[in-house]
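Single-structure report; data block below.
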Amino acid sequence: MAISNATDARQWEYVTYAPSGHRCTACKKLIKPLEPVRRGHADRSSGPPEVIYRHTGECLVKGVVA
């Protein structure tokens, strides 16, 4: 059984609300206040992991699933 990126619990920590000013890493659109998003992290070459946010459903960009 294949695991998709959208449902992989190792990639996405939980559903939450993003702090003001953050953008969806998939579609690059500004996340609205009180819009539910998935919180995750991206490893960097140096320093702590970067926190990222993506829309919980399909992004407005054609073919991108968060």
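Here the structure is a predicted model, which means the values were calculated and not measured.
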>> A side-chain contact here means heavy atoms from C-beta on lying under 4.5 Å apart; do I31 and R23 qualify?
In response: no
> Got a sec, which residues hit side chain to side chain donor-acceptor pair (under 3.5 Å) with E35, two or more places apart in sequence or on another chain?
Replying inline: H55
> Going by heavy atoms in the side chains, are D43 and H41 under 4.5 Å from each other?
Replying inline: yes
> What's the shortest heavy-atom distance between P36 and V15, and which atoms?
Replying inline: CB-CG1, 4.1 Å
>> Run the side-chain contact (heavy atoms from CB on, under 4.5 Å) test against P19 and tell me which residues pass, sequence neighbours left out.
In response: H22, Y53
> Are the side chain of R38 and the backbone N or O of R54 linked by a donor-acceptor pair below 3.5 Å?
Replying inline: no
> Looking at V37 and A18, what are the two nearest heavy atoms and their distance?
Replying inline: CG2-N, 3.7 Å
